[in-house]
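Below is one structure, written out as structure tokens, with a few remarks after it.
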Amino acid sequence: MDNINLFPLFLSFRVAFTATFIGIVCGLPLAYLLSRRPGRLSDFIDTLTNLPVVLPPTVLGYYLLVLLGRNSWPGKFLEEQFNIMIVFTTTGAVIAATVVSIPYMIKASKAALSEINEDYLNAARLLGRTELNIFVTIMVPIAWRGIISGITMSFARALGDFGTTLMVAGSIPDKTLTMPIAIYDSLQAGNYNMANFLVLIMTSVAVAVLYIVNRLEKKMKKG
């Protein structure tokens with residue numbers, strides 16, 4: 001165990017927690033809007049939010065690299081005005097993990113919010129409740145199982161991303177080397193102790209996530 005570097009483990013969990021938090025802050029309001037305002041525009045936005053699920057990770061990473069690279073307008077602006085660089089940094093890893101994981105948060109939350117009986121919400125509106133109050137005190141408590149399911153799947157996806165993170169953040173030791181990339185690099189270098197340790201962690205997390213999601217789905221079906 002002495003030759004095992006735990007940096008990829010800590011970095012992966014930090015990136016996954018940050019990406020999941022961003023997913024909650026941005027994805028939950030979007031899921032609410034998509035669940036309550038059906039139409040062509042909502043369908044189009046819903047399609048865009050699901051693109052990261054079907055696009056190959058390298059293609060998604062390439063888009064992010066072009067969008068956020070030093071030669072792009074956003075990349076130049078951030079570097080010149082704030083001395084902030086995105087690609088090949090931890091920030092780039094967080095952005096990549098957020099983009100690949102947020103569709104799971106939106107999809108699960110949208111499904112749960114869509115099933116809420118509109119009569120409950122209309123009754124609250126008649127009592128003078130604001131939309132924000134209705135969302136926080138009525139919708140979230142009713143749809144919490146679906147929301148937790150989305151958070152769990154989003155966290156697992158962020159933790160396990162390989163291709164997109166590699167394209168945007170690279171595999172710089174002790175800087176941007178996450179667990180999936182470290183497993184690949186360890187196998188390439190013949191460091192099987194490190195690879196086995198990280199594989200065991202990833203497998204344990206995957207089993208825990210699947211167990212939690214299955215339990216929540218059973219509770220949702222029972223009501």
Side-chain angles (χ1 to χ4, degrees), residues 5-31 46 48-70 72 74-75 78 84-110 147-186 194-195 197-210 212-213:
N5 182 4
L6 295 179
F7 178 83
L9 177 65
F10 296 130
L11 177 63
S12 291
F13 274 97
R14 183 156 64 95
V15 168
F17 275 118
T18 307
T20 305
F21 176 76
I22 296 172
I24 295 171
V25 173
C26 301
L28 198 53
L30 185 56
D46 198 20
L48 289 181
T49 60
N50 282 301
L51 263 183
V53 177
V54 295
L55 277 177
T58 49
V59 174
L60 190 60
Y62 177 78
Y63 279 131
L64 291 175
L65 201 57
V66 171
L67 179 65
L68 302 173
R70 301 181 70 176
S72 68
L78 289 172
I84 295 175
M85 286 184 288
I86 302 297
V87 296
F88 304 123
T89 65
T90 306
T91 304
V94 170
I95 292 174
T98 302
V99 171
V100 300
S101 64
I102 199 170
Y104 299 90
M105 174 71 205
I106 295 173
K107 197 172 186 65
S109 300
K110 178 194 165 191
I147 294 171
I148 294 296
S149 176
I151 292 172
T152 307
M153 289 189 293
S154 182
F155 176 78
R157 183 65 186 85
L159 188 67
D161 181 62
F162 176 82
T164 309
T165 301
L166 182 62
M167 291 285 286
V168 179
S171 61
I172 305 171
D174 297 330
K175 186 176 180 182
T176 64
L177 192 63
T178 57
M179 280 204 291
I181 301 172
I183 292 171
Y184 177 80
D185 287 353
S186 298
M194 180 70 173
F197 176 70
L198 295 180
V199 165
L200 180 63
I201 296 291
M202 295 291 290
T203 305
S204 300
V205 172
V207 171
V209 167
L210 288 175
I212 292 171
V213 171

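- Side chain of Ser101 to backbone of Phe155: no donor-acceptor contact under 3.5 angstrom is found.
- Taking CG from Leu9 and CG from Leu159, the interatomic distance works out to 8.5 Å, rounded to the nearest 0.5 Å.
- When all heavy atoms are compared, the tightest approach of Ile181 to Ser171 is CG2-CB, 3.3 Å.
- With Met105 as the fixed residue, the side-chain contact (heavy atoms from CB on, under 4.5 Å) test singles out one of Ile22, Thr20, Ile147: Ile147.
- Screening Leu64, Leu65, Thr176 for a side-chain contact (heavy atoms from CB on, under 4.5 Å) with Val87, the sole residue that qualifies is Leu65.
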Original post:
How far apart are the C-alpha atoms of Thr91 and Ile84, what are their side-chain angles, what is the distance that settles it, and do they pass the side chain to side chain contact (heavy atoms under 4.5 Å, CB included) test?
Top reply: CA-CA 9 Å; Thr91 304; Ile84 295 175; 5.7 Å; no

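- At distances below 3.5 Å, at least one donor-acceptor pair connects side-chain atoms of Ser12 with backbone N or O atoms of Met179.
- When all heavy atoms of Pro103 and Val99 are compared, the closest pair comes out as CD-O, 3.4 Å.
- With sequence neighbours excluded, no residue forms a ring-ring contact (aromatic ring centres under 6.0 Å, His included) with Phe21.
- With rounding to the nearest 0.5 Å, the separation of CD1 in Ile148 from CD1 in Ile151 is 4.5 Å.
- From Leu11, atom CG reaches atom CG of Leu6 across 12.5 Å, with rounding to the nearest 0.5 Å.
- Counting heavy atoms from C-beta outward, Leu60 and Val100 have side chains that approach closer than 4.5 Å.
- Across all their heavy atoms, Gly150 and Ala108 have their closest contact at CA-CB, 3.5 Å.
- Of all heavy-atom pairs spanning Ala16 and Ala158, the tightest one is CA-CB, 3.9 Å.
- Considering Leu48, Val53, Thr49 as possible partners of Leu51, the one that fulfils the side-chain contact (heavy atoms from CB on, under 4.5 Å) test is Leu48.
- Listed by first and then second residue, the salt bridge (Lys or Arg N to Asp or Glu O under 4.0 Å) pairs involving residues 53-65 amount to none (not counting sequence neighbours).
- Here the closest heavy-atom approach between residue Gly61 and residue Val168 is recorded as O-CG2, 3.9 Å.
- Side-chain atoms of Ile102 and Cys26, non-hydrogen and from C-beta on, do get closer than 4.5 Å to each other.
- Taking Tyr184 as the reference, Phe162 meet the ring-ring contact (aromatic ring centres under 6.0 Å, His included) condition, with sequence neighbours excluded.
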**OP:** Run the numbers on Tyr63 and Leu55 for side chain to side chain contact (heavy atoms under 4.5 Å, CB included), then give the verdict.
**Re:** CA-CA 11 Å; Tyr63 279 131; Leu55 277 177; 4.2 Å; yes

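- With rounding to the nearest 0.5 Å, the separation of CG in Leu177 from CG in Asp185 is 5.5 Å.
- Smallest separation of non-hydrogen atoms from Pro29 and Ile24: CD-O, 3.7 Å.
- Shown here are the salt bridge (Lys or Arg N to Asp or Glu O under 4.0 Å) partners of Arg70, two or more places apart in sequence or in another chain: Glu79.
- Qualifying ring-ring contact (aromatic ring centres under 6.0 Å, His included) partners for Phe13, counting only residues two or more places apart in sequence or in other chains: none.
- More than 12 non-hydrogen atoms from other residues, nucleotides or ligands lie less than 6.0 angstrom from CZ of Phe88.
- Each salt bridge (Lys or Arg N to Asp or Glu O under 4.0 Å) pair with one or both residues in residues 161-181, not counting sequence neighbours, appears once here: Arg157-Asp161.
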